[in-house]
Amino acid sequence: MNFIRGVIGGQPAGAQPSGVETIQKLCDRVASSTLLEDRRDAVRALKSLSKKYRMEVGTQAMEHLIRILQTDRSDSEILGYALDTLYNIICNDEDEEQDESEDAAAPVSGKTKSVSAPEDTQRKQDDIGSQFTERFIQEPENVTLLLSLLEEFDFHVRWPGVKLLTALLKCQCTQLQGVILVSPMGVSRLMDLLADSREVIRNDGLLLLQQLTKGNAAIQKIVAFENAFERLLDIMAEEGSSDGGIVVEDCLLLLLTLLKNNSSNQNFFKEGSYIQRMKPWFEVGDDNSGWSAQKVTNLHLMLQLVRVLVSPVNSPGATASCQKTMFQCGLLQQLCTILMATGVPADILTETINTVSEVIRGSQVNQDYFASVNAPSNPPRPAIVVLLMSMVNERQPFVLRCAVLYCFQCFLYKNQKGQSEIVATLLPSTIDANSISAGQLLCGGLFSADSLSNWCAAVALGHALQDNLTQKEQLLRVQLATSLGKPPVSLLQQCTNILSQGSRVQARVGLLMLLCTWMSNCPIAVTHFLHNQDNVPFLTAQISENLGEDERLVQGLCALLLGICIYYNDNSLENYTREKLKQLVEKRIGKENFVEKLGFITKHELYSRAAQKPQPTFSTPEHMLFDHEFTRLVKELEGIITKAVHKSSEEEKKEEEVKKSLEQHDSIVTQYKELIREQDVQLNELKDQVALLTAHQEQMQTTITQQLSQIQQHKDQYNILKLKLGKDGVVSGQAEEAHENGLQLEEFTLLRDELEELRRQHAQLQTQVTEKDTLITSLKTEGLRPVEGSGIASGPTELLKEVEALREQVQNQEVEIANLHSDRQELQRRADTVVSSAVSVGEAGSVSQVAELESRLSAQTAETHRLQEELRGLSEVKAALEKELASATSTVAILQAEKSRLQQDVSESKKEQDDLLMLLADQDQKILTLKHKLKDLGEMVEDEDDLDARDPSEEDEEEEEDDDE
């Protein structure tokens with residue numbers, strides 16, 4: 001202990017030991033001391049020296065500190081000292097603060113050497129941290145040990161452990177992520193930090209998870225499924241949402257890391273109904289002045305979080321689902337409220353515009369709602385008009401104008417209804433002189449003195465025409481009044497006039513992009529353009545001149561516009577047919593020179609930058625030259641125009657013939673496809689009918705089952721009656737007694753008459769049963785008759801089998817009825833025996849015995865009547881069964897007729913399909929012959945198999961090579 005105090009409190013007079021020697025002695029003390037207090041004091045001393053002697057402590061003491069973590073788990077104080085020491089030798093925070101203070105103190109006019117010295121020092125410190133981190137994680141058990149220490153609830157252990165793990169992740173993120181990912185319950189232990197009641201540990205846990213989830217989709221998914229979204233949103237709500245502090249910002253940064261470019265987590269976030277919980281974030285009051293810097297940061301991150309869910313780079317299905325949810329929960333409406341509110345900071349307003357843009361992009365419902373939003377002005381104006389006013393106003397910030405342009409593009413993306421509404425505001429019949437419309441603002445910006453307004457208005461108007469032939473034709477009707485006393489000119493003519501007058505490159509590029517978009521795939525617009533005699537000479541002059549580097553892009557766009565005039569020419573103007581324009585290009589410009597100038601567009605640096613994503617992001621206004629949708633148009637037209645310029649008239653004629661032949665072939669194939677589609681519909685209808693018949697048969701089966709149960713009940717009742725008649729055998733014994741006592745002959749005569757009547761009725765029933773048996777036999781013969789034909793549908797065949805089973809059941813029931821008849825005959829035989837014995841009875845006996853016998857005879861007569869009623873009931877049941885059998889027979893006949901019709905339909909369908917196959921084979925042979933002719937003529941023709949077998953990666957490489965060229 002005196003040694004440790006001497007190291008800390010100072011040495012006596014004499015030679016002072018160096019820092020390295022002191023650290024060596026402390027390490028020996030930690031390794032050799034048996035007392036926990038001595039080891040604790042030594043580790044505390046190492047902690048105090050670890051910031052100044054970082055390299056020495058890390059080199060000599062790291063192994064001893066790790067051993068302390070392994071062996072002294074029971075003492076939280078020494079664990080805390082060891083973790084703090086490891087943190088100091090790995091983390092670079094103190095050095096960064098020192099470097100920042102040195103940079104702030106350095107004069108601005110200092111030499112490069114004085115500025116680069118702190119940078120070199122910082123680089124060395126970073127290298128030290130990375131070396132010690134790599135040394136620490138060489139043994140994965142060290143990381144597992146550290147994760148187990150995070151389960152300790154003691155503040156002096158848990159907090160240093162969190163800081164140490166965060167520092168390790170900053171130095172060697174990828175390697176440490178791999179170790180934690182394979183560690184059992186590694187991520188779950190770290191997620192428990194968010195539930196800690198101590199805010200310091202919880203907040204540092206947020207920083208730890210930010211580092212842990214960077215660039216690792218697997219860990220991001222695990223964290224998300226550990227209920228991270230629920231916990232983070234709860235923390236944000238506790239901290240005050242957008243009005244909260246730095247903790248809210250950390251939560252938002254972690255949410256962005258979990259959701260960005262992770263479709264699984266995005267879907268989990270949407271399915272968990274967490275989008276609905278985002279709506280309260282954007283509730284703003286009437287007074288929006290005095291926003292704090294932290295609130296601005298928080299709201300900016302919240303808007304970015306919304307954009308991550310609806311980003312254009314996500315899959316279309318996931319984006320559409322999130323857009324629908326945002327509209328249904330009112331989030332879009334809340335964003336539009338911020339958009340139209342007053343006092344909102346400029347950067348928040350800009351980001352809100354970008355967010356609304358991506359929420360409505362490609363969603364018809366959201367686009368319709370946005371079109372209905374009005375600004376709180378007097379009189380109310382549509383939000384689109386208010387935003388366009390900002391776009392064409394040169395005094396507005398550049399980033400805000402870019403955001404408004406992006407919003408307008410997203411509003412018109414795949415929105416033909418919105419495109420027609422915008423173009424309609426330019427038509428003479430819909431212009432309102434008392435109000436400002438979107439069309440008027442676009443025309444004003446198109447012809448203003450500000451080149452950026454020219455470019456933005458031209459691009460916006462081009463999006464109103466994108467992939468919409470109807471609106472391209474409608475825009476030709478727009479007339480503009482240039483000045484008093486002069487007739488109005490068309491919008492197309494005014495654009496070409498301004499283009500020919502010369503202006504800044506940015507304005508001319510915007511006008512040329514508008515004209516190319518307008519005239520592509522619109523022969524009527526091409527005809528209107530060529531009708532002006534000055535347009536073609538102007539284009540050829542621009543392309544053929546040798547101008548500076550800045551004018552090359554204009555020359556390339558002029559070549560593209562002239563190529564569009566060639567390719568989409570309908571030859572309606574005699575002076576400017578497709579062939580004459582090609583001759584003009586060959587004589588005035590030259591084909592090779594024309595193609596070279598056309599290639600300047602895709603070789604431009606700003607072209608490749610604009611082609612990356614739809615949002616226009618430019619550092620300066622001068623860089624705004626290309627639009628994303630226009631780059632797609634150039635990519636589509638460049639190869640087509642190049643081929644069109646190089647083709648001769650004969651090749652074009654042959655190509656036209658081939659196209660017509662292919663179109664005829666396509667029309668024939670389409671007709672047969674329609675025929676096959678109709679036959680499929682008919683087959684589906686027949687299948688539905690078979691399903692209905694099957695259901696009917698199941699109903700019949702149910703009915704027969706019920707009837708079988710009823711027959712069983714009657715059978716049971718008959719057995720009971722049989723037992724009762726067995727008891728009546730005693731009556732025959734009593735009749736013998738009556739013979740001994742002398743029963744009167746007249747009473748037995750009456751009994752014989754009644755039995756004769758029963759025999760007669762039984763004979764009639766037997767005749768009926770025989771007739772029914774004959775009928776059933778004939779039905780069986782008809783049902784078992786073999787059916788001709790091989791194309792029997794599976795549904796009716798199964799139904800016939802089931803009907804045959806029903807017939808067998810009916811036959812079994814008839815056998816049971818026959819057994820019942822035989823039993824009844826046995827009873828009648830026994831009754832006849834009683835009668836025969838009764839005939840020989842003498843007249844002896846007393847009057848009392850005769851009375852008793854008469855009473856018994858009346859009881860037997862009553863029982864006989866009851867048996868007759870039961871027999872009549874059985875006859876009725878049999879009649880009902882016969883009716884059901886007749887119904888089943890009729891159903892079988894219907895099914896046989898349906899089967900015959902199905903066989904006929906199938907045979908006809910096979911015949912038509914054979915004809916179709918023969919016709920398709922003939923057409924394929926014709927196409928093959930035409931392709932051989934094209935190959936003989938020198939045309940490149942790719943087979944469909946070659947196209948299918950072509951690797952998509954090879955196509956991407958070819959496109960990249962074209963872009964590089």
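Judged by distance alone, the side chain of N415 and the main-chain N or O of F411 form a donor-acceptor pair under 3.5 Å.
When each of Q220, Q210, Q266, K221 is paired with L258, the side-chain contact (heavy atoms from CB on, under 4.5 Å) condition holds for Q220 and for no other.
Using a 4.0 Å cut-off between charged nitrogen and carboxylate oxygen, E358 and R361 do not count as a salt-bridge pair. Between R202 and E239, at least one side-chain N (NZ, or NE/NH1/NH2) sits under 4.0 Å from a carboxylate O, which counts as a salt bridge. Taking the charged nitrogens against the carboxylate oxygens, R609 and E605 do have a contact shorter than 4.0 Å, which makes a salt bridge. Salt bridge present: E152 and R73 bring a charged side-chain N and a carboxylate O closer than 4.0 Å. A salt bridge links D196 and R158; the closest N-O separation between the charged side-chain nitrogens and carboxylate oxygens is under 4.0 Å.
By the ring pair (Phe, Tyr, Trp, His ring centres under 6.0 Å) test, F229 is found to be paired with F268, F269, Y274, residues two or more places apart in sequence or in another chain being considered. Shown here are the side chain to side chain contact (heavy atoms under 4.5 Å, CB included) partners of S321, two or more places apart in sequence or in another chain: K270. Y406 meets the ring pair (Phe, Tyr, Trp, His ring centres under 6.0 Å) test with no other residue; sequence neighbours excluded. Qualifying ring pair (Phe, Tyr, Trp, His ring centres under 6.0 Å) partners for F630, counting only residues two or more places apart in sequence or in other chains: none. For the side chain to side chain donor-acceptor pair (under 3.5 Å) test, residues two or more places apart in sequence or in another chain that qualify with R401 are D450, S453.
For the pair K47 and Y81, the NZ or CZ position fails the cation-pi test of under 6.0 Å to the six-membered ring centre and within 45 degrees of the ring normal.
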Please tabulate, for the side chains in residues 242-251, all donor-acceptor contacts under 3.5 angstrom to protein atoms that are two or more places apart in sequence or on a different chain.
unit_1 : atom_1 : unit_2 : atom_2 : d
D243   : OD1    : K295   : NZ     : 3.3
E249   : OE1    : Q294   : NE2    : 3.1

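Looking at I360 and Q323, their side chains never come closer than 4.5 Å, going by heavy atoms from C-beta outward.
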- Task: Walk me through it: do N314 and V310 pass the test side chain to side chain contact (heavy atoms under 4.5 Å, CB included)?
- Result: CA-CA 7 Å; N314 297 342; V310 293; 6.0 Å; no
